[in-house]
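Note sheet for the following structure.
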Amino acid sequence: MRLSRYFIPTLKENPQEAQILSHRFMLRAGMIHQEAQGIYSWLPLGLRVLKKIENIIREEQNKAGALEVLMPTLQPADLWRESGRFDAYGKEMLRIKDRHERDLLYSPTNEEMITAIFRKFVRSYRDLPKMFYQINWKFRDEIRPRFGVMRGREFLMKDNYSFDLNYEDAVNAYDLMYKTYLKTFKRLGVKVIPTQADSGPIGGDLSHEFCILAETGETTLYYDPIYDTLGSDFDHKDISELKKYYAATDEKHKPGDAPIPEEQLSVARGTEVGHIFYFGTKYSEVMNAKIVNPKGEEVLAHMGSYGIGVSRLVGAIIDASHDDKGIIWPESVAPYRIGLINLRSGDANCDKVSNDIYTQLTNNNEEVLYDDRDQRLGVKLADMELIGLPWQLIIGPKGIAQNTVELKCRKTNESQELSLESALNHMTKNNARAA
Ligand code: ATP
Ligand code: MG
């Protein structure tokens, strides 16, 4: 993509309304535009990141055997009256009337609708297990929308629902999602800590919140320092071993809870990006979702739900990965992999070499953002740092004379003068190592 033809409405000044770094960088890098409190348009650069995150989540859900569906955002209130949540949900639920005065709502979550679909079509244990997921917009009229996409009113969520014959099978589904989340977040280039969360009256340890460490996080985490040493590789471990390591948010943590001394726990701020939850027969009971077991008896389906905050992740990743100049995108979610900078637009030689490189890279299916603008050098370099693409290829007259380009790694800040070929090799090798 040529920057001269693209649309990145960058801001030089820090926007006043943005209190946290990810929100500032997202506005300054022209990724989103606020339309109302907690409601945003996604501009081209931001949308590319959102889609990349979405696709990684989708691939891992599919690998786990979950089936993708898409349910409407506007739903009939009657379904929610069955579960009692039309009244119970409170002011976070946006209620709407259609032209016939029928009550609708903008879905804040989807247990009711998916349970209604399930009870209509699934009757036998032979059809189980089943997991259905969607990646779709939700609306919650949060009392304090803030921090940009981190706590929006309209936000994108991956929500998955599992249906099983009994408790044991439901735990298998839960564990599968637990593992899937570890794999997903690893691919997204962030470190998460699965914390034990409250699961209400059902009890047990069958609710975990997945939190990304970030100074600006909304919650405080207390966790076994083993998580720091495991790095991002703990998805290879056995699930029962993993669940033994202690981690909890301040809401749940009570001094003395952990199996290791309180003073040995690591304490850090974190942002919740995912939540997995087993809730048994809560919805199947009120909505009468029954299946026939092998003995021919009708039993209630055991359910779980599993959410990931897709749009929140865009901000959360920035909060976890940046420096004072801008965003540092993990390769897997970067809007483009390479930023090509022509240091002297207008100089015939620089233009020709840059254009040739751009053509060659795009023909190789590389994702390149090419700054071909007639702009001051300082502006170009600062914009590229702000946008935070993993690699910068910088083309200038000095390098051209020696047949080299400057290759800069955004994350390490290291620069090298290399032939174009070795620059490309270097990026590919580095990429393979990171994967
Ligand atoms: P929170 O405690 O942050 O309000 P929640 O417990 O209400 O979250 P869930 O109902 O479990 O969240 O939703 C699943 C995921 O959706 C959360 O883990 C979070 O990443 C994301 N999410 C929830 N509310 C919002 C919001 N207002 N804006 C953006 N993402 C959200
Ligand atoms: Mg909430």
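Computed over heavy atoms, backbone and side chain alike; hydrogens, waters and symmetry mates excluded. First listed ligand is number 1; within each ligand, the first listed atom is number 1. Bear in mind that the values here come from a model prediction, so they are computed numbers and not experimental data.
- Results of the salt bridge (charged side-chain N to carboxylate O under 4.0 Å, His left out) test with E218 over R146, R144, R269 single out R146 as the only residue that passes.
- Under the salt bridge (Lys or Arg N to Asp or Glu O under 4.0 Å) criterion, K244 pairs with no residue, sequence neighbours left out.
- Taking the side chain as every heavy atom from C-beta outward, Y227 and S266 never approach each other to under 4.5 Å.
- For the residue pair P225 and I260, the shortest heavy atom distance occurs at CD-CD1, 3.8 Å.
- Ligand 1 has no nitrogen or oxygen under 3.5 angstrom from a nitrogen or oxygen of S311.
- At least one side-chain heavy atom of F147 sits less than 4.5 Å from a side-chain heavy atom of Q19.
- Residue-level proximity to ligand 1 for R140 is carried by the side chain, the only part with a heavy atom below 4.0 angstrom.
- Atoms of ligand 1 lying under 4.0 Å from at least one heavy atom of V273, given by number and element, are 18 (O), 20 (O).
- When the options E92, H275, M157 are ranked by their closest heavy atom to atom 13 (O) of ligand 1, first place goes to M157.
- Residue-ligand proximity, V149 to ligand 1, at heavy-atom distances under 4.0 Å covers atoms 29 (C).
- With a 6.0 Å radius and a threshold of 12 heavy atoms from other residues, nucleotides or ligands, K295 has its NZ atom at or below the threshold.
- Using 4.0 Å as the threshold, M150 has a heavy atom nearer than that to some atom of ligand 1.
- For ligand 1 and E142, the ligand atoms under 4.0 Å from any heavy atom of the residue are 24 (N), 26 (C), 27 (N).
- Checking only distances, E272 does come within under 3.5 Å of ligand 1, N or O to N or O.
- Remark: among candidates F139, Y306, F155, the nearest residue to atom 24 (N) of ligand 1 is F155, based on non-hydrogen atoms.
- Around atom 15 (C) of ligand 1, the closest heavy atom drawn from G148, G309, A197 belongs to G309.
- When each of R373, R28, K325 is checked for a salt bridge (charged side-chain N to carboxylate O under 4.0 Å, His left out) with D383, only R373 meets the rule.
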